[in-house]
Amino acid sequence: MELSKNFEPQAIEQKWYSHWMNNGYFKSVPDEREAYTIVMPPPNVTGVLHMGHCLNNTIQDILIRRARMQGKNACWVPGTDHASIATEAKVVAMLRERGITKSSLSREEFLKYAWEWKEKYGGIILEQLKKMGCSLDWDRTSFTMDPDYYKSVIEIFVRLHKDGIIYRGLRMVNWDPASKTALSDEEVIFKDVDSKLYYVTYPFADGSEGGITVATTRPETILGDVAICVNPTDERYLNMIGKEVLVPIIDRKIKIIADEYVTADFGTGALKVTPAHDKNDNELGKKHNLRALNTLDEEGKFTLEELEDDLINDTIVSYAGVDRFALRKKIAVDIEAIGCLQKIEDYKSQVGTSERTGAVIESRLSLQWFMDMKKFIATNPEITAAVAEEKIKFHPSKFKNTYAHWMDNIKDWCISRQLWWGQQIPAWYDGEGNVIVAETEDEAYKEYSKKHGLKSLPSGEVWRGLFQDEDCLDTWFSSWLWPIEVFKGISNPNNDEIKYYYPTQTLVTAPEIIFFWVARMIMAGYTYKNEMPFEDVYFTGIVRDKQGRKMSKQLGNSPDLLGLIDQYGADAVRFGIMIASPAGNDILFDEGTLEQGRNFNNKMWNAVKLLKMWEGRTTDDGPRTTRVGQRTTDDGPRTTRVGQRTTDDGQLKTNDNIGLWSVDSGQWSALWFETRLNEVKSEVNDMLNQFKLSEALKVIYSLIWDDFCSWYLEWVKPGFEQPIEKVVYDKTVEFFSQLMELLHPFMPFVTEEIYHLLDERKDDLCTHVYAAPVQTDEKILSEGALLKNIISGLRDVRNKNQIKPKETIKVHIQTAEATVYKSIESILAKQINSAFIMYVNDAVAGTITTVIGKDKFYIETEQPLNMAGQREDLEKELAHLKGFLISVEKKLSNEKFVANAKPEVLAIENKKKADAEEKIGIIEESLRGME
RNA sequence: GGGAGUUUAGCUCAGUUGGUUUAGAGCAUCUGCCUUACAAGCAGAGGGUCACAGGUUCGACUCCUGUAACUCCCACCA
């Protein structure tokens, strides 16, 4: 088979994904194996795949694929979230484009459009995940508005209402004028804005000279002012308390009151009180029995509805329907015209904005449904304890403080939304102030008749006058049941699936939704399953661009993911995003890492090509005897003749007798790599257990590129058109396969492809189960390290002396322990293109001298010798060693150190000293020899 | 305003309870190579007072205190 020059991902990605799907590898059903379950954080149905999803789902896929290969029953559940605000906004926008307004539609008509929209666009993001290779059990795809799911949400609402945890009340809520709905506190994002502080004077009502001046950032609300408040100890205003002033423009008489709440130092020390439009003012209003006078409608436009007729004048009429921000400017102009505006100052303040629409939030008095969170979490102390005691482990653990802090300061949760897309609140009203909460309309009537008696109509027909609450529930009030209800744990309690899969193992999500979602799932888990929803929570970072800016649509710095997959391949994208993604840190996305991933694919691809070249040329010959390292005479120079022989004309000829040494060195190399592979396997295993995915990938990358390709393959590589020993070839295929196993969770496509190219297979890598680790002798690792060290050192010498790669050198080693070189000398000779390795007892004249470790190397070359350069290098090394020796000696001459340090530390220091002294001696000797 | 975190090579990060050679990796940079798997490559090299100032200790990148810078979370002083 002819392999392409470079790895071409597009064709094989499609091929393998279909193959995996057709074989049902991603499907999970309960069995006797240990379960490893992840429920995917359901993306919004409106969503398209972005870098955040890419990171998040790659991590989950790595964990799931690894678990599958560990022989666990891996189950990864996909799904989408109905995302009420976001989706409803999209549907409204879509309708607007078609010239339809939401208000012209009935609820049923609107929902029909919404479902159509969902069917059309809702699955896009899931399809995109397939392109990334995500091994999700698609048969389990769930949606937060599936019929059973819907019912479960309603059931939970009713239960919580019964328990007195859900209540309805008139409260100040966060109002989003853009989507015309209330929001929970968590959905409000505070942003720093440059605003103005307006100093407005309210003249005394009795006509006396002057008035009282307040500072406000929101002059548009002054028409709703019902009092002015000062601090009772503020001497400036003591004599004014109780007096009346006139609200500018509207001339309403309001009182100056006093309350500790007001800070004398801020602004003018006088505060205008607008209970309908500010949370604190509202508290103040309640305390002082002030009425809340609403002057803004649900869209944030001025309304005269609650004003008394006698206060309405032409100016005020002209405000009707004016947007709050336009009104702010208008009123500023108008109060200046009547001389009530003292000055305007620049001011930085924080304003709340809607997480979804970005609109500035209004505080608005409104009748909503709430959940009493303090009461709720008090029912199960595990909710807070599990995280604190790390029964549920957060990665990184710092987030457990965030969690604890939020729990300590938890506030009531506003769960009703003035939207249609979502679970409709199961509350029915009779129009006379009676409310019935029940799971269905029929239930509601039953309950109603029990409580209030059955109403009958004069006509004798049954009374059907209850109407259901128009609002729907906060999306998070459904998603908090996700890990339970995807297994029907609410709608069909104690079924086999929920018993098997719950609690799930790992949740991978963004820290931004720790309160929205993570915390609430923990609450729901302990409340409805009496058990944690997951064991580990891995918080991903935020994907930022190279300049560290968060990726966003507005900035346009979010790359097109599918385009990237087309360009680099899914494996390369996965590699790129993971390699730069240390646990819990933000990731700076740089296309360069994708390129690195692509190059990595190529590297492996080319290694396959190399093996394919060897495949047809293996030799079955048993190990041959070699003459490696053998002594020629008893006391003469010990010579090893490696991979060459003398030609007739006496010149050394390389490479025509490679087989002579490749036997031994090949097997030694295989033993070395096997040991190294085992070492890395256990390292990777430890890292993955600690969720250090990025580090694990780095280690695997280096194992494949450096140890396998750069070292091992070069060591076992036969000479040009020479055969490779069968044993070594088979070992090499085996190693390569195991490397693919190790890498597969990270880069599933290329590894599966290579796995099959390497050998005839009965299985697929996707479901291949890792073998148990093998015990290996680690002594060989130090031999390998020594070999690498010397190869690099001598290559450096070649480089520095400008010896051409093709020029053969001759190496003489002066060492006290020639035996340590026995197993590596033939490889060494080949890797540095040396005609032979000889052992000598004395310096060899006319050679380049270098010292590596404690041994001296004399390199014979045809190049003219650069003595000055060599001296310089040796002297530099000598200076370094001497400096080092001084620091060690200083330590050892310190009596306190000798007295206090642990014996093993002392021994190490003594060895360092001896080593350094020995090396210094060797280098000094070499330097003398060069004179 | 409260809390948490970060600060190690040009960039992104490792550095496990203080002591294995006066700090490691990848990327980037530089030098030399179109060597027969791979120039999307090979070989090699350079580069850091571990943010700053103190302290504890025989010994500090590592522990403590303070300072500075940056980041995040929480909190609606109008």
Would you mind telling me which residue lines up with the more 5' stretch of RNA chain B, Lys348(A) or Phe7(A), judged by nearest nucleotide? Phe7(A)
Separation of Gln596(A) atom CD from C13(B) atom C1', in whole Å? 13 Å
Contact under 4.0 Å: Lys891(A) side-chain N or O vs G19(B) OP1/OP2: no
Would you say Trp705(A) reaches A40(B)'s phosphate, i.e. side-chain N/O to OP1/OP2 under 4.0 Å? no
Can you tell me the distance, in whole Å, between the NE2 atom of His405(A) and the P atom of C72(B)? 18 Å
On RNA chain B, nearest-nucleotide positions of Ala916(A) versus Asp265(A): which is more 5'? Ala916(A)
If the test is ring-ring contact (aromatic ring centres under 6.0 Å, His included), which one of Trp406(A), Phe399(A), Tyr403(A) qualifies with Phe515(A)? Trp406(A)
Would you say Tyr403(A) places a side-chain N or O within less than 4.0 Å of OP1 or OP2 belonging to C74(B)? no
Hunt down the Watson-Crick or G-U wobble partner of U17(B), both distances under 3.5 Å, from any strand shown, or write none. none
I'd like to know if Gln831(A) reaches the base of A43(B) with its side chain, counting only an N/O donor and acceptor under 3.5 Å. no
Strand partner of U71(B), provided both Watson-Crick or wobble distances fall under 3.5 Å: A4(B)
It should be established whether Ser792(A) places a side-chain nitrogen or oxygen under 4.0 Å from OP1 or OP2 of nucleotide G44(B). yes
Atom pair distance, as rounded to whole Å: NZ in Lys717(A) and C1' in U35(B): 8 Å
Please tell me if Asn900(A) has a side-chain N or O lying less than 4.0 Å from either OP1 or OP2 of C58(B). yes
Need one value for Gly592(A): base, sugar-phosphate or nothing, where a base atom within 4.0 Å counts as base even if backbone is also close, heavy atoms only. nothing
Derivation and outcome, side-chain contact (heavy atoms from CB on, under 4.5 Å), residues Glu695(A) and Val699(A): CA-CA 6 Å; Glu695(A) 275 182 70; Val699(A) 169; 5.5 Å; no
Contact class for Ala607(A) vs. all strands (heavy atom < 4.0 Å): base, sugar-phosphate, or nothing? base
Between Lys609(A) and Asn606(A), does any side-chain donor sit less than 3.5 Å from a side-chain acceptor? yes
Under-3.5 Å donor-acceptor pair between Gln350(A) side chain and A75(B) base: yes
Ignoring hydrogens, what is the shortest heavy-atom contact between Asp281(A) and Thr274(A)? Give both atom names and the distance. OD2-N, 2.7 Å
Whole-Å gap separating P (U71(B)) and CG (Asp192(A)): 12 Å
With heavy atoms under 4.0 Å as the rule, sort Phe589(A) into base, sugar-phosphate or nothing. nothing
Looking at A37(B), which nucleotide sits across from it as a Watson-Crick or G-U wobble partner, both distances under 3.5 angstrom, or is there none? none
Heavy atoms under 4.0 Å, any strand shown: does Asp915(A) hit a base, just sugar-phosphate, or nothing? base
A40(B) base / Asn602(A) side chain donor-acceptor hit below 3.5 Å: yes
Is any side-chain nitrogen or oxygen of Tyr261(A) closer than 4.0 Å to OP1 or OP2 of A78(B)? no
Roughly how far apart, to the nearest Å, are A25(B) and A43(B) at atom P? 15 Å
State whether Asn409(A) places a side-chain N or O below 4.0 Å from either non-bridging phosphate oxygen (OP1 or OP2) of A75(B). no
For Asn6(A), report the nucleic acid contact type (base, sugar-phosphate, nothing); a contact means any heavy atom under 4.0 Å. base
So what does Ser887(A) touch, heavy atoms closer than 4.0 Å: a base, only the sugar-phosphate, or nothing? nothing
Mind checking who G66(B) pairs with, Watson-Crick or G-U wobble, both distances under 3.5 Å? C52(B)
When all nucleic acid strands are considered with a 4.0 Å heavy-atom cut-off, which category describes Val188(A): base, sugar-phosphate, or nothing? nothing
Calculate the interatomic distance between Ile908(A) atom CD1 and G18(B) atom P; express it in whole Å. 15 Å
Just to confirm, is there a sub-4.0 Å distance from OP1 or OP2 of C38(B) to any side-chain nitrogen or oxygen of Lys5(A)? no
For Ser710(A), answer base if it contacts any base atom (sugar-phosphate contacts may also be present), sugar-phosphate if it contacts only those atoms, and nothing otherwise; contact means non-hydrogen atoms under 4.0 Å. sugar-phosphate
Between G5(B) (P) and Phe539(A) (CZ): distance, integer Å: 16 Å
If we take the P atom in both C50(B) and A23(B), what is their distance in whole Å? 10 Å
Taking N and O atoms by type only, does the side chain of Lys603(A) place a donor or acceptor under 3.5 Å from a partner on the base of C38(B)? yes
Trp711(A) (side chain) donor-acceptor with Trp705(A) (main chain) under 3.5 angstrom: no
Mind checking whether Ile542(A) and Glu512(A) have side chains closer than 4.5 Å, heavy atoms only? yes
For a quick check of understanding: with a heavy-atom distance under 4.0 Å over all strands, which category does Glu714(A) fall into, base, sugar-phosphate or nothing? base
Round to the nearest Å and state the distance from Leu697(A) atom CG to G26(B) atom P. 14 Å
Option passing side chain to side chain contact (heavy atoms under 4.5 Å, CB included) with Asn833(A) (candidates Ile803(A), Thr808(A), Leu794(A)): Thr808(A)
Please determine whether any donor N or O and acceptor N or O are separated by less than 3.5 Å between the side chain of Arg795(A) and the base of A43(B). no
Between CD1 of Ile587(A) and C1' of U71(B) the distance, given in whole Å, is 17 Å
What's Leu588(A) touching, base or sugar-phosphate or nothing? Going by heavy atoms closer than 4.0 Å. sugar-phosphate
Taking Arg544(A) for its side chain and Met551(A) for its backbone only, find out whether a donor-acceptor pair lies under 3.5 Å. no
Under 4.0 Å between any heavy atoms, over every strand shown, what does Tyr347(A) touch: base, sugar-phosphate, or nothing? Just pick one. sugar-phosphate
